[in-house]
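Before any comments, here is the structure.
Along the sequence shown, residues are numbered consecutively beginning with 1.
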Amino acid sequence: MLTKEEYLDLYERSLNGDCSPEELIRLQQYEDDFCFSDDADSDEVLKEKIYNRLSASISREENVKRLFPWKAVAAAAAVLLVVASGFLYFNGHQQQRNKPLATAEKTPVIKQDITPATNKAVLILADGTEVELNKATEGQIAAQGNTTVNKSGNGQLVYQLTDKPPTTALAVFNTLAIPRGGQYNLALPDGSKIWLNAASKLRFPTQFTGKERMVELEGEAYFEVAHNQQQPFVVKVKDMQVEVLGTHFNVMAYADEASINTTLLEGKVRLRNDGAAAVILNPGQEGVFTGNKGFKVNKADIEQVMSWKNGYFIFNDEDLTSIMRKISRWYNVDIEYSSGTKKLSFAGSISRFKNVTEVLNMLALTGTVQFKIEAGKITVIN
């Protein structure tokens, strides 16, 4: 039987690919006396000890000084995925305290796999022409009025103004549509940069004219807006608008989510809606819009919000159904539940560029949920 310290060390080494086949078998067959022991420590106390231990080891990596140090925390967070979700699910269920983690014999064998999303999008030009950007060659894709549309060497879509006068006084609009299983980013002619998540759509003019720079968003996007005090940047999302002068922020507005969430990283934004009082966000805050209930301002979980852009799934006590919606968009796969859904929450981190089985196996290791993949569909068994 592994001790708690041995389990943590072994699991962290497995994430780095340093385990022998024998050690991986020991890890998979390990019965969860670590997660579900009956010692004097409460669940919360034991979780805090684990967090402190892992945080201490991360703090020694002094060379990692980025805003979002995902690679430094990924291994620790992935360990906590196995630990914390067991705590969250089994807390108050003493009769199941001795239940082991899922093993290969207990988890359905997944015979299919699904690869992660890639740079994939369809650009719809003003005349209705559709361009599949993942198939388009590098260089100029189109010319619209006094704006050229280009695909850069790194796959970015770039709009640039030319010296030609506009051919019409009317605004010319393009739409960038990201399917499930895709992502893309673009640079607008004013210098603003936008990253679009899977299953998202952005409608925007090829040149900004008038008193404001307005774009329309469905889905999720991260914005780095070029400053222009004379021409505010406005993101229209369903029944609300995000107004900025120049800032960095994220907007999540999927149709299957209960709210529209705007998270501010830098600068200042104003959220407005005809039926609710406008609110102003400061860095580190999140504005949650739920229609009739208006706006609510919370302290933002920047790590979790920005994880999609930084190439990770980050779950901080996140509900299983919310996790599966993200998996559905990213891997372009339908989700089905075998017999309703139980209230399960998970905490942890894993790269978004793993095949879906690696993400599902991480969740299944908790022993609280299992999955089956067939015909492009994931069935959740709990």
Problem - 4.5 Å side-chain heavy-atom contact, Gln140 and Lys151 - result: no
Exercise for the section: Could you tell me whether the side chain of Asp319 and the main chain of Thr321 form a donor-acceptor pair under 3.5 Å? Expected result: yes
Handout entry: Heavy atoms from other residues, nucleotides or ligands near NZ of Lys236 exceed 12 (cutoff 6.0 Å)
Key = no
Practice task
Check whether more than 12 heavy atoms from other residues, nucleotides or ligands sit under 6.0 Å from atom CG of Asn154, and answer yes or no.
Solution key: yes
Exercise for the section: Cation-pi check, Arg180 to Tyr331: give yes when NZ or CZ is under 6.0 Å from the six-membered ring centre and within 45° of the ring axis, no otherwise. Expected result: no
Practice task
Please tell me if the side chains of Glu286 and Val305 come closer than 4.5 Å, counting only heavy atoms from C-beta onward.
Solution key: yes
Handout entry: Main-chain N/O of Thr129 paired to Asp127 side chain as donor or acceptor, under 3.5 Å
Key = yes
Handout entry: Any Asn261 side-chain heavy atom under 4.5 Å of Val251 side chain
Key = no
Handout entry: Gln207 versus Gln144, side-chain donor and acceptor atoms under 3.5 Å
Key = no
Practice task
Step through the shown structure and confirm whether more than 12 heavy atoms of other residues, nucleotides or ligands are within 6.0 Å of NZ on Lys193.
Solution key: no
Exercise for the section: With the side chain counted from C-beta on, respond yes when Trp330 and Asn197 share a heavy-atom pair under 4.5 Å apart, and no when they do not. Expected result: yes
Problem - Exercise: do Trp308 and Asn250 side chains pair donor with acceptor under 3.5 Å - result: yes
Completion exercise
For Ile314 and Ser307, the nearest pair of non-hydrogen atoms, with its separation, is CG1-CB, 3.1 Å
Handout entry: Passing option when His227 is tested against Leu245, Asp190, Val244 for side chain to side chain contact (heavy atoms under 4.5 Å, CB included)
Key = Leu245
Handout entry: Leu176 side chain reached by Phe204 side chain, heavy atoms, under 4.5 Å
Key = yes
Handout entry: Salt bridge Glu257-Arg325, side-chain N to carboxylate O under 4.0 Å
Key = yes
Fill in the blank from the handout: For Ala117 and Gly182 the tightest heavy-atom approach is CB-N, 3.6 Å
Problem - NZ/NE/NH1/NH2 to OD/OE distance under 4.0 Å, Arg203 and Glu218 - result: no
Exercise for the section: Say whether Ile327 and Tyr254 are linked into one hydrophobic cluster, either directly or through other cluster members, by side-chain heavy-atom distances under 4.5 angstrom. Expected result: no
Handout entry: Asp113 and Asn355: side chain donor to acceptor below 3.5 Å
Key = yes
Problem - Pair Phe295 and Phe289, ring centroids less than 6.0 Å apart - result: yes
Exercise for the section: For the pair Arg329 and Asp256, find out whether any cationic side-chain nitrogen is under 4.0 Å from an anionic carboxylate oxygen. Expected result: yes
Handout entry: Check: Ser328 side chain, Asp334 main-chain N or O, donor-acceptor pair, under 3.5 Å
Key = no
Practice task
Answer whether the closest heavy-atom distance between the side chains of Asn174 and Leu123 falls below 4.5 Å.
Solution key: yes
Handout entry: Arg213 to Phe233 six-membered ring, cation-pi geometry met (6.0 Å, 45°)
Key = no
Handout entry: Hydrophobic cluster membership, Leu133 vs Leu196, 4.5 Å side-chain cutoff
Key = yes
Problem - Validation row: Asn282, Lys268 side chains within 4.5 angstrom (heavy atoms) - result: yes
Exercise for the section: Would you indicate whether the side-chain heavy atoms of Val380 and Ile335 approach each other to under 4.5 Å? Expected result: yes
